[in-house]
Number of protein chains: 2
Amino acid sequence: MPELSERKKQILANVVEMYIKSGEPVGSKGLISSSGMNCSSATVRNEMNELDQMGYLVQPHTSAGRIPSEKGYRYYVDNLMPRRDVDEFTKRMIDAGIAPAAGDPEKLVNRARELLADITKCAAVSTAPVGELNIIRKIELVPVGMHTAMMVLLTSNGILKSRLCRIESDFNVTILEQFYNIVESFFIGKPSGEISPAEIQTIAASVESNYFVMLPLLAAVSDLSGSTNDSKLILGGGANLLSRKDYGDKAIPLLEFLNKKEPLSEVIRSSKDDLSIRIGSENLFKQLEDSSVVVSKYSVKGDNSGSISVIGPTRMDYESVISSMRYLSDLLGRLITSALEE
Amino acid sequence: MPELSERKKQILANVVEMYIKSGEPVGSKGLISSSGMNCSSATVRNEMNELDQMGYLVQPHTSAGRIPSEKGYRYYVDNLMPRRDVDEFTKRMIDAGIAPAAGDPEKLVNRARELLADITKCAAVSTAPVGELNIIRKIELVPVGMHTAMMVLLTSNGILKSRLCRIESDFNVTILEQFYNIVESFFIGKPSGEISPAEIQTIAASVESNYFVMLPLLAAVSDLSGSTNDSKLILGGGANLLSRKDYGDKAIPLLEFLNKKEPLSEVIRSSKDDLSIRIGSENLFKQLEDSSVVVSKYSVKGDNSGSISVIGPTRMDYESVISSMRYLSDLLGRLITSALEE
DNA sequence: AATTGGCACTCGATATGCCAGAGTGCTAAA
DNA sequence: TTTAGCACTCTGGCATATCGAGTGCCAATT
C-alpha cells in the first residue's frame, strides 16, 4: 500500500465521490470548481496524470475525464472514505420498515432484505441464520384428516417449515407415538443440514413395524430439514440493477448469473469478515467484473450466523451502502435474538 | 366477425406465425417462399393490402413488411390457430418438474408457476386455490419454550402458514385450553379472508381472563389467516421479459407494474372463462398495451379455484403457450385435489 | 375478372464526413 | 513547484449520401 501525498488523496477522494454521484468521468476543471481546492486545474491535471500512472485512475478515452480504477475504489474504501453513521432518514426508514416483522425470524430476514434493496437501489441477498446453532428443535405432526397430517419443523434459529404429508393407513395413537419416538431419538438436537437421505434409509430400516407408514413421514422430515437450508439464500431487488444505467445491456446476463443459487452462494460464503467489500474483479466470477459485493454478517445470540449483502455496480455509493448495512445488520441480529428468547 | 376468404386466412395465419417465430415484419416475397403458397408475390401483396385496410395487419413503416395488429392476433387465436396437444418434450418437462412437489398444494402451485415461466420464457403468475372453499380447518399452537410457541394454520385448500409468537406469561394447560376453545368457537370453519382486525377486537373483548395473553395469540391468528390470502398471487420469471427483445426499454416500467400486487390481481381476476386470452389493449391497463395475458384456471375438487397465467409480449407463441397451460393447469388441479384427499 | 411481371417510389438502416466541445499533455513563464 | 496558455485528441451529435427490402400501382397475360 504505497503512501499518497495529502493532495493526491484529496483528489482521489473527490474523483471517486464525484463519479459516484454523477456517473460522468470527472475532469480537472470540474473537480476544482466543486471541491473547493485552492490550486489550478493544471496542477490537478499533473496530479491526476500521476495517479493515472500509479493505477488509481483510468481514462475511458484519451480525452475524457478520469474515473476510478478498481485499485482507486479500493484505496478509497480502505483509507479515504468517511465512516459516518447512517443518516437519520434512512434510519427511520429501516426502523419503521422492520417493525411489523418483529417476533418472526424468517419475516425479519425477508423484510431486512427488501429494505436493503430499496434503500441502496441495488440487488440484495439475505441468508437465514445458520451454523452449528441451526439444530432441529421440534417436530410436530398434526393429523388433519384420516390419512393426512401437517408436519411442522422448527430449528433453534427460529426457522419454521411445514408441509402436508399423506400416509396409507389411518393415523392413530400408536403411529404418532412411534413417530415421536423416532423423532426424539434421531432428529431432535441434530443440525438440520445433516439429515441425509442415506441416514433416512438407515433409520427407516431400523423400524420394526409400520414400515410403510413411517417411510413417507421420515421422507417428509428429510425434505423439511433440507429446505431449512435450501432457502437460506434469497435474492431480492434484482430489478433495481436494470434501472442503473451503469450496466448497459450487461444487466441481463448479470441477473441471470445472480438467479443461480450455487454460484451466488459461493460469492456470499467466501466472505470471512464481519463486513467484506469486494470490488469488481476481486470477485473471481467473471460475471461480477463490473460489480461490487458488500457482505455484512449479523449475529444471533452472539454467534455470527447469517448475512445480508448488496450487489451493485462498482460505482455504488459505498459510504451510504455501508453505513446502512452496519446499522441494519446490527438491528436484525438483535431483533432475531430477542425473538428467540424465552 | 367478418368472414375472410380462404386465401386471406392462409396469409394471415402465415404472417402471424412467421412473425412470432422471427420477430421481423414479413414481406410478400418471404411469405410465399417459406409457406409454399402457389401464387405470386404480387397477389400476396394485393391481399395483404386488403388485410391491412381491414385492420388485421399493420406496417411499422411505409416500406416494411406487415406485422399482425391486435385484431389480427385476435382473429388468429379465435379462428386460425391449430389446437394441438402439448408437445412431447414439454409434457415430459412438466411431468418431471412437478413430481417432486406432489402432496403439497402450496409447493405444487409454486412449482407449476416456475415451470410455466421456464417453458414459455415469459412472466408467470399463480394464484393459490381460493374461494368459498378456503376455510380455516385447523389451528395448532405448539409451545417451544416458556414464552414462545409456533402457531400453524391450515385451510381446507391445503395452504399451511406458520409463525412464531410470544406471550408474556408462561404457557400452561389452562392457556392452551382457553385458546383452543376460542379457536373452536370463532375460527374453525370460517373463510380465512373474513377474519378482520375488528373481529379480533370483538373476540378479545369477550375474553374473561388472561386478556393480555390471548391478545397476541389472536393477533397472530389474524396475521396468519390474512397471509393465506396475501400470498395468493405470486409473480415469477419476470426476468424473462428482459431477454425478450420485443420490449426495448419498455421492459422496466412493465416489470414495475407487474410487481405491484393490486393491479396485477385485478388483471388476473377479471378473467371469467376457464382459459382467457387478452391481447394488447384488451387489457385495459395502459402498461400492458404491448403485452398479452393468458389466464388458465385450475380446479380443485371440481370447483374452479385458482389460476396460472402467462404475461408476455403480444408476439408470444400463443399456440405453444396455450397448449402447455391447458396441460399444466389440468395436471395441477388433479394433483392438488389428490393431495387433499383423505 | 383474377393473376402476374415490371417499375418507380418510400423509408429505415448503415456508413461517411464534419463540427463543436470537453479534456488532456506539454511547454514556458512566474 | 505552480500556473497560464496552447495545440492536440477523441467523443457525440448532426447532416448527408447510399443501399436495399418492400410496397403500390399499372399494364400485360391468362
Side-chain angles (χ1 to χ4, degrees), chain A residues 3-12 14-19 21-69 72 245-246 248-249, chain B residues 3-12 14-19 21-69 72 245-246 248-249:
Chain A
E3 200 48 57
L4 297 179
S5 73
E6 262 328 297
R7 192 165 61 191
K8 280 200 178 58
K9 286 184 187 176
Q10 199 180 347
I11 290 175
L12 178 54
N14 274 305
V15 171
V16 172
E17 282 163 18
M18 286 177 70
Y19 182 63
K21 278 212 187 67
S22 72
E24 303 289 322
V26 351
S28 53
K29 213 159 186 173
L31 193 143
I32 47 165
S33 79
S34 63
S35 78
M37 295 183 64
N38 55 351
C39 61
S40 82
S41 66
T43 310
V44 174
R45 276 205 291 284
N46 290 330
E47 295 279 44
M48 275 178 156
N49 197 343
E50 290 178 50
L51 283 168
D52 200 324
Q53 287 179 333
M54 290 188 232
Y56 293 102
L57 296 177
V58 291
Q59 292 179 283
H61 8 274
T62 319
S63 88
R66 302 311 209 283
I67 64 177
S69 66
K245 50 201 165 302
D246 306 74
D249 37 6
Chain B
E3 199 48 55
L4 296 180
S5 74
E6 262 328 296
R7 191 166 62 193
K8 280 201 178 59
K9 287 185 187 174
Q10 201 181 346
I11 289 175
L12 178 54
N14 274 304
V15 171
V16 172
E17 282 163 17
M18 287 177 68
Y19 181 62
K21 279 210 185 69
S22 71
E24 303 291 321
V26 352
S28 53
K29 216 161 185 172
L31 192 145
I32 48 168
S33 79
S34 64
S35 78
M37 296 184 64
N38 53 353
C39 62
S40 80
S41 66
T43 310
V44 174
R45 274 205 292 285
N46 291 330
E47 295 279 44
M48 276 177 152
N49 196 341
E50 289 179 50
L51 283 167
D52 200 325
Q53 287 180 332
M54 291 189 231
Y56 292 101
L57 297 178
V58 291
Q59 292 179 283
H61 19 271
T62 319
S63 90
R66 299 317 209 280
I67 64 177
S69 66
K245 50 201 164 302
D246 306 74
D249 38 3

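By convention in this document, chain letters (A, B, ...) are assigned in the order of the sequence lines, proteins followed by strands, and residues within each chain are numbered from 1. For clarity, every value in this text was computed on a predicted model and none was experimentally measured.
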Which nucleotide in D:dT11, D:dT23, D:dC6 has an atom nearest any side-chain atom of A:Arg45: D:dC6

Counting C-beta onward and ignoring hydrogens, is there a side-chain heavy-atom pair between [X] and [Y] closer than 4.5 Å?
{"X": "A:Asn49", "Y": "A:Gln53", "value": "yes"}
{"X": "B:Met48", "Y": "B:Val26", "value": "yes"}
{"X": "B:Cys39", "Y": "B:Val44", "value": "yes"}
{"X": "B:Pro68", "Y": "B:Val15", "value": "yes"}

Interface limits on DNA chain C, where chain A has a heavy atom under 4.0 Å of a nucleotide atom: C:dA22 to C:dG25

Rounded distance in Å - CD (A:Glu24) to P (D:dT11): 15 Å

With a 4.0 Å cut-off on heavy atoms, is [X] in touch with a base, just the backbone sugar-phosphate, or nothing at all?
{"X": "A:Asn46", "answer": "base"}
{"X": "B:Ala42", "answer": "base"}
{"X": "A:Ser28", "answer": "sugar-phosphate"}

Where at least one partner belongs to residues 55-67 of chain A, residue pairs that pass salt bridge (charged side-chain N to carboxylate O under 4.0 Å, His left out), sequence neighbours excluded: A:Asp52-A:Arg66

5' priority, DNA chain C, between B:Ser40 and B:Pro60 [closest heavy atom]: B:Ser40

Pairs: protein N or O with nucleotides 18-20 of chain D N or O, under 3.5 Å:
none

